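Presented below is the structure to which this report refers.
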Amino acid sequence: LVRKENTDMSTTLFDLSGKVAVVTGGNGGIGLGIATGLAQAGAAIIIAARNAEKSDLAVRSLEKAGLRAMALTVDVQDETSVRDMVREASQAFGHIDILVNNAGISVVNMPENCSLDEWQQVMNINLNGAFLCSREVYPYMKAEGGGKIINLGSLTSIFGHPFIAAYAASKGAVVQLTKSLAIAWAKANIQVNAILPGWIETDLTALTKQMPEYYAATIARIPQERWGQPSDLAGTVVFLASKASDYVTGIALPVDGGYAAM
């Protein structure tokens, strides 16, 4: 009897059935891994990204697995585009319960060679995009009695990096934005948290494999002795999107195989 009660409780705590999740940049890499995990937990998924063709492919892959999803085109650095996307998402499903601010870019360059335009583009997408999407979903979540916002930071939120100064600065700011929104919107029952992915194998990190010494040094520092996969983030996101985390807000949680602990 005890075993059955525990199983029922865990199922209820992490069940996202009936929930609607918007995942920006959810059409590939970490974003698609997150979207898949949320969908497998029962949520309906809105893939919100710039590349409509890639988003349609992602939706079809989710639907092929029996999961519920749709795509909306958005440019997260554009205020009007974000507002329209959030309105369309709400109209399509009736409510928005979960927002994952995953859309992001990086410029690989030493800081002395980084142009102001490059710097601003990274900030506009990684930081301003997270702010705009969060601000626009706020009234919808408040009207529904609460919600979950999950921001994608990075290990560079806490460590510097010589080749991606703009990215690191933007991700550090995302953590501070997370804390501020968590405090500001706590009374609306909106929990805001950040995930700090470690070294995850995606198209964006593929360049690292072309630098054998750097790649080997990275592996050597990861206690689990492997790079992560996008699917490795799914469980953490489901936790932060579910009732299991109702008393967790304002945190920045590394998902890194132990890298930050070394």
Side-chain angles (χ1 to χ4, degrees), residues 1-24 26 30-48 62-63 65-70 89-90 93-102 130 133-134 137-138 140-153 174-175 178-179 181-198 200 224 228-258 260-261:
L1 289 176
V2 173
R3 187 177 297 113
K4 184 178 187 301
E5 289 174 1
N6 288 340
T7 300
D8 290 346
M9 178 178 290
S10 64
T11 300
T12 302
L13 283 176
F14 295 96
D15 183 16
L16 299 180
S17 298
K19 302 295 184 181
V20 176
V22 174
V23 183
T24 68
I30 287 175
L32 184 55
I34 287 172
T36 302
L38 292 171
Q40 289 172 339
I45 304 298
I46 295 165
I47 302 289
L62 291 172
E63 290 177 336
L67 305 173
R68 188 181 180 196
M70 69 173 288
S90 178
F93 288 101
H95 51 97
I96 299 173
D97 307 287
I98 302 157
L99 167 66
V100 181
N101 284 311
N102 168 75
C133 291
S134 299
V137 301
Y138 167 75
Y140 294 90
M141 289 184 173
K142 183 180 179 181
E144 290 294 324
K148 306 280 188 173
I149 297 175
I150 303 162
N151 296 322
L152 268 291
V174 163
V175 170
T178 298
K179 294 177 182 179
L181 296 182
I183 296 167
W185 297 344
K187 291 183 178 179
N189 192 32
I190 298 171
Q191 289 83 54
V192 188
N193 293 292
I195 293 175
L196 312 184
I200 309 296
Q224 292 195 9
Q229 300 297 318
S231 58
D232 285 318
L233 297 164
T236 305
V237 173
V238 169
F239 163 64
L240 292 176
S242 70
K243 288 183 63 62
S245 62
D246 280 354
Y247 201 56
V248 178
T249 196
I251 69 165
L253 179 60
V255 183
D256 63 357

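The structure displayed is predicted, hence computed values, not measured ones.
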Please report, to 0.1 Å, the donor-acceptor pairs under 3.5 Å made by any side chain of residues 246-254, with sequence neighbours excluded.
unit_1	atom_1	unit_2	atom_2	d
Asp246	OD1	Lys148	NZ	2.8
Thr249	OG1	Val192	N	3.0
Thr249	OG1	Val192	O	3.4

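- Listed by chain and residue number, Trp185 satisfy the ring pair (Phe, Tyr, Trp, His ring centres under 6.0 Å) test with Tyr138 (two or more places apart in sequence, or in another chain).
- Atom NZ of residue Lys243 and atom NZ of residue Lys19 lie 7.5 Å apart, to the nearest 0.5 angstrom.
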Give the intermediate values and the outcome of side chain to side chain contact (heavy atoms under 4.5 Å, CB included) for residues Val137 and Ile149. CA-CA 9 Å; Val137 301; Ile149 297 175; 4.1 Å; yes
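- Scanning for side-chain hydrogen bond (donor to acceptor under 3.5 Å, both in side chains) contacts around Thr24 gives an empty result, with sequence neighbours left out.
- In this view, Asn193 satisfies the side-chain hydrogen bond (donor to acceptor under 3.5 Å, both in side chains) rule with no residue, not counting sequence neighbours.
- Contact of the Ser134 side chain with the Asn151 side chain is registered, since non-hydrogen atoms from C-beta on lie closer than 4.5 Å.
- Closest heavy-atom contact between Val22 and Ala89: CG2-CB, 4.2 Å.
- Considering only residues two or more places apart in sequence or on other chains, Asp97 meets the salt bridge (Lys or Arg N to Asp or Glu O under 4.0 Å) condition with none of them.
- Residues meeting the side-chain hydrogen bond (donor to acceptor under 3.5 Å, both in side chains) test with Gln224, sequence neighbours left out: none.
- Atom CD in Gln40 sits 11.5 Å away from atom CG in Leu16 (nearest 0.5 Å).
- Ile195 places none of its side-chain heavy atoms less than 4.5 Å from the side chain of Ile34.
- Residues forming a side chain to side chain contact (heavy atoms under 4.5 Å, CB included) with Ala260 (at least two apart in sequence, or on another chain): Leu155, Ile158, Phe159, Asp256.
- Looking at heavy atoms from C-beta onward, Val175 lies in side-chain contact with Leu196 at the 4.5 angstrom threshold.
- Not counting sequence neighbours, the partners of Glu63 by the side chain to side chain contact (heavy atoms under 4.5 Å, CB included) test are Val59.
- The minimum heavy-atom distance between Ala21 and Ala43, with the atom names listed, is CB-CB, 4.4 Å.
- Results of the side-chain contact (heavy atoms from CB on, under 4.5 Å) test with Val237 over Ile30, Leu38, Val255, Ile98 single out Leu38 as the only residue that passes.
- Nearest heavy-atom pair, His95 versus Val20, reported as atom, atom and distance to 0.1 Å: O-CB, 3.4 Å.
- Listed by chain and residue number, nothing satisfies the side-chain hydrogen bond (donor to acceptor under 3.5 Å, both in side chains) test with Asn102 (two or more places apart in sequence, or in another chain).
- Here the closest heavy-atom approach between residue Ile47 and residue Gly26 is recorded as CD1-O, 3.2 Å.
- Here Leu32 contributes atom CG and Thr36 contributes atom OG1; the two are 4.0 Å apart, rounded to the nearest 0.5 Å.
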When you look at Leu13 and Ser242, which way does the side chain to side chain contact (heavy atoms under 4.5 Å, CB included) test go after all the steps? CA-CA 6 Å; Leu13 283 176; Ser242 70; 5.6 Å; no
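- Counting only heavy atoms from C-beta outward, the side chains of Leu152 and Asn101 never approach each other to under 4.5 Å.
- Nearest heavy atom pair, residue Gly33 against residue Ala234, reads O-CB, 4.0 Å.
- Here the side chain of Asn189 pairs a donor or acceptor atom with the backbone of Gly145 at under 3.5 angstrom.
- Considering every non-hydrogen atom in both Ala69 and Leu62, the closest pair reads CB-CD1, 3.7 Å.
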